[in-house]
Amino acid sequence: MTLLRSGSATDTGLVRSVNQDLAVENPNLFAVADGMGGHAGGEVAARLAVDTLSAAFGRQPTGAGLSEAVVEANSVVWEHSLEHPELRGMGTTLAAVALVNEDDHDLMALVNVGDSRVYRFHDGELSQITTDHSLAEDMVRSGELTSAEAAVHPHRHILTRALGVAADVSVDLWRIQPSRGDRFLLCSDGLSNELEESEIAEVLSSVSDPREAADLLVRAARTHGGSDNITAVVVDVVVGDASDGAT
Ligand code: MG
């Protein structure tokens, strides 16, 4: 049996006038959406995406179901933008983590579209699980840029994949065995652009309450510049699966 505890925080930041990020904390489903598009488009896209995701995952709470829920969310945002010309061009990132049970095993299913991220803090080590769908990340993979260069590259915000901007979307899915003590961090780029991984790891290793940890991370990103909306969801595995001996 796996039991989770979570906390989240979001902030408009110091430059933007509205917050188009959204955090979701359902008992077994957690998500961050970072909407984009003027005339309230970003807020509409993010809201439609997370509402559709939650409803669709509720009907099919599996890894495949989570992935299909993202595809359904894409269709809903895309069709809404076709029906509302003033919202044309809106879209959103979507990163989500869900606790699912497959073949009698509890698993954490992770999905991602865009450049919102999921990190796992496991045994004192922070690792980024998701891969950004951004031009900068593509250039790192092709060897044109180092990770350090990509972090400050002017094209780092340009997405190669987003939700709701086309009729179809391709979704990346991971399945991870949860262990007691694992912490998952979902965040928008407003957080990952402002904080070094070492700073994120420092907070996750020292602040045990997930709500306080999310809050501290968001405040740190704001202090470091706050050039974008900032959102963090921290999900703690407080009871692990019997198979890892940590119940
Ligand atoms: Mg952003």
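Everything numeric here is computed off the predicted structure, so don't read it as measured data. Computed from heavy atoms alone, side chains included, the values below leave out hydrogens, waters and symmetry copies. Atoms within each ligand, like the ligands themselves, are counted from 1 in listed order.
- With hydrogens and angles ignored, the 3.5 Å screen pairs a side-chain donor or acceptor of Asn229 with a backbone N or O of Gln20.
- The name of the N, O or S atom in Asp228 nearest to the Mg ion (ligand 1) is OD2.
- No other N/O/S atom of Asp189 lies as close to the Mg ion (ligand 1) as OD1 does.
- With respect to Thr10, the side chain to side chain donor-acceptor pair (under 3.5 Å) criterion is satisfied by exactly one of Asp21, Asp215, Asn19: Asn19.
- No side-chain donor-acceptor contact under 3.5 Å links Asp236 to the backbone of Val238.
- Among the atoms of Asp34, an N, O or S atom falls under 2.8 Å of the Mg ion (ligand 1).
- Ion pairing between Asp189 and Arg117 fails under the 4.0 Å rule for side-chain N and carboxylate O.
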